[in-house]
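Written out below as structure tokens is the structure these notes cover.
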Protein chains: 2
Amino acid sequence: MINRESAQEPGTAERIRDSAATLFRQKGFNGTSMQALATAVGITKSSLYHHYPSKQALLAEIIEVTMSRVTPLVREIAQSDLPATGRLHRALTLHTVESIRERDYVACFSEESRYLSPTFMETHRKKKGEYESLFQKVIEEGIDRGEFLEQDSGLATMALLGMCDSVIRRYRPTGEYAPDEIAATFADTAVRGLGARDTERAAAGEVTR
Amino acid sequence: MINRESAQEPGTAERIRDSAATLFRQKGFNGTSMQALATAVGITKSSLYHHYPSKQALLAEIIEVTMSRVTPLVREIAQSDLPATGRLHRALTLHTVESIRERDYVACFSEESRYLSPTFMETHRKKKGEYESLFQKVIEEGIDRGEFLEQDSGLATMALLGMCDSVIRRYRPTGEYAPDEIAATFADTAVRGLGARDTERAAAGEVTR
DNA sequence: GTCTATAGGCGGATAGAC
DNA sequence: GTCTATCCGCCTATAGAC
């Protein structure tokens with residue numbers, strides 16, 4: 001049994017998905033036409049519909065693939081054996097690095113998912129909630145153990161994920177900052193923002209990706 | 001000389017602008033048709049063009065109005081006589097409260113400005129840079145005076161503004177949090193994230209709006 | 001699996017009457 | 001300042017040949 005997906009040559013469906021993610025991030029979902037996508041891929045507009053039943057389904061697929069890939073990685077960190085401070089730092093670093101490394105896909109997830117039709121949206125909302133609750137639980141544990149200051153964990157989760165998500169809009173690959181540098185700095189600022197005592201030790205458990 | 005703009009009854013141009021801001025935030029610039037806007041205002045599509053020459057000009061006007069209103073308020077705080085920590089806290093609180101209170105307009109500024117045509121974009125980029133540099137300068141002063149930890153002020157500005165901007169996407173007016181509460185909490189988290197020693201004193205200079 | 005051709009509607013914008 | 005009528009191009013999506 002050969003696993004085509006994880007292998008070398010990308011199939012047409014995957015090339016379409018990649019180009020779509022890039023265009024959706026650059027021009028927005030509603031600013032990208034199927035014609036423009038077809039041109040980018042190098043096939044005709046009609047051929048797209050052989051691989052995906054609709055533009056909506058294509059967006060949904062991009063988002064789904066992203067969630068399915070990143071969620072387990074964050075879950076593993078969140079459920080590991082470190083102090084909450086270290087787990088939060090590692091999870092946020094991973095989240096931020098992925099947001100830069102796979103920015104086309106992640107941008108579709110965080111910026112363009114609002115254009116999902118009601119059917120797709122329902123599924124998406126649930127999975128996104130589960131993903132963010134991974135972070136919130138770590139924050140709650142950190143508060144309970146006295147690693148972080150007493151505070152509302154919902155607002156804290158909003159603040160920290162909002163901060164890290166912003167790299168998608170603000171990061172420029174030509175810029176002066178390396179992805180790892182940004183991710184580490186953001187995670188530092190984040191855990192310090194919750195009132196963590198020893199940011200240094202938290203950073204020690206950094207992910208290298 | 002009567003100032004029409006600041007008075008009671010909004011003219012048609014202003015009603016169009018308000019409706020447009022609401023729709024652009026909800027459905028996105030490219031997801032909002034001139035027909036939908038006309039219906040929301042209660043006039044015909046053609047009548048819109050008597051007040052604004054194009055959809056682009058309408059978006060540009062919304063963004064311009066927002067910048068012109070908020071920038072002086074932040075500038076006054078940034079150039080006031082408080083320690084950097086207090087100035088940053090007050091400025092971020094104002095920024096966040098405004099992002100909630102005038103979310104339709106601010107969302108057009110922060111989320112939809114990317115759809116501006118090159119002509120309008122150039123002007124916008126400059127003014128946005130000036131606005132954000134107000135925050136960056138306060139952060140730099142805070143670092144120089146030892147109020148904040150030694151760090152890259154550009155990344156810090158990205159992180160903090162990204163965090164506060166996220167309320168636009170994440171805040172739900174039906175939610176459990178009051179605007180002031182969110183703004184104060186975010187500002188607390190932000191200045192703490194830079195390593196400010198006394199967040200309490202910073203919060204003392206809170207804005208009430 | 002890709003193509004040509006086309007359906008059928010909606011997009012932004014304009015002309016010109018009142 | 002608002003209307004009706006209209007231009008024309010582009011939109012998503014489908015039919016059906018190869």
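Residue numbers start from 1 in every chain, and the chains themselves are labelled A, B, ... in the order their sequence lines are given, proteins ahead of strands.
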Exercise for the section: Please give the angle, rounded to 10 degrees, between the axes at the start and the end of the helix from C/dG1-D/dC18 to C/dC18-D/dG1, where five pairs define each axis. Expected result: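 Rounded to the nearest 10 degrees, the bend comes out at 0°.
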
Exercise for the section: Measure from CZ on A/F29 to P on D/dC11 and round the result to the nearest Å. Expected result: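 Taking atom P of D/dC11 as the reference, CZ of A/F29 is at 13 Å.
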
Handout entry: A/Y49 OH - D/dA15 P separation (whole Å)
Key = 13 Å

Under 3.5 Å, which donor-acceptor pairs do the side chains of residues 157-175 of chain A form with other protein atoms, sequence neighbours left out?
{"residue": "A/T157", "atom": "OG1", "partner": "A/S153", "partner atom": "O", "Å": "2.6"}
{"residue": "A/D165", "atom": "OD1", "partner": "A/H95", "partner atom": "NE2", "Å": "2.7"}
{"residue": "A/D165", "atom": "OD2", "partner": "B/R170", "partner atom": "NH2", "Å": "3.2"}
{"residue": "A/S166", "atom": "OG", "partner": "A/M163", "partner atom": "O", "Å": "2.6"}
{"residue": "A/R169", "atom": "NE", "partner": "A/E111", "partner atom": "OE2", "Å": "3.2"}
{"residue": "A/R170", "atom": "NH1", "partner": "B/E132", "partner atom": "OE1", "Å": "3.3"}
{"residue": "A/R170", "atom": "NH1", "partner": "B/E132", "partner atom": "OE2", "Å": "3.3"}
{"residue": "A/R170", "atom": "NH2", "partner": "B/E132", "partner atom": "OE2", "Å": "3.2"}
{"residue": "A/R170", "atom": "NH2", "partner": "B/D165", "partner atom": "OD2", "Å": "3.2"}
{"residue": "A/R172", "atom": "NH1", "partner": "A/R169", "partner atom": "O", "Å": "3.1"}
{"residue": "A/R172", "atom": "NH2", "partner": "A/R169", "partner atom": "O", "Å": "3.4"}

With [X] via side chain to side chain contact (heavy atoms under 4.5 Å, CB included) - residues at least two apart:
X	answer
A/S80	A/L82, A/R87
A/E76	none
A/H51	A/T12, A/A13, A/I16
B/T39	B/Q35

Exercise for the section: Using a 4.0 Å cut-off on protein heavy atoms (strictly under), produce a 5'-to-3' string for nucleotides 5-10 of chain D with B for base contact, S for backbone-only sugar-phosphate contact, and - for none. Expected result: B-----

Donor-acceptor contacts under 3.5 Å from residues 40-47 of chain B side chains, at least two apart:
{"residue": "B/T44", "atom": "OG1", "partner": "B/S47", "partner atom": "OG", "Å": "3.2"}

Handout entry: N-O pairing of B/K127 and B/E64 below 4.0 Å
Key = yes

Completion exercise
Sorted by chain and number, sequence neighbours left out, side chain to side chain donor-acceptor pair (under 3.5 Å) with A/N30 holds for none

Handout entry: Test side chain to side chain donor-acceptor pair (under 3.5 Å) applied to B/R114 - qualifying residues, sequence neighbours left out
Key = A/E112

Exercise for the section: Using ring-ring contact (aromatic ring centres under 6.0 Å, His included) as the criterion, list what pairs up with A/F29, not counting sequence neighbours. Expected result: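 Counting only residues at least two positions away or on another chain, A/F29 forms a ring-ring contact (aromatic ring centres under 6.0 Å, His included) with A/F24.
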
Practice task
Name the first nucleotide and the last nucleotide along DNA chain C (5' to 3') that come under 4.0 Å of a heavy atom in chain B.
Solution key: C/dG11 to C/dA15

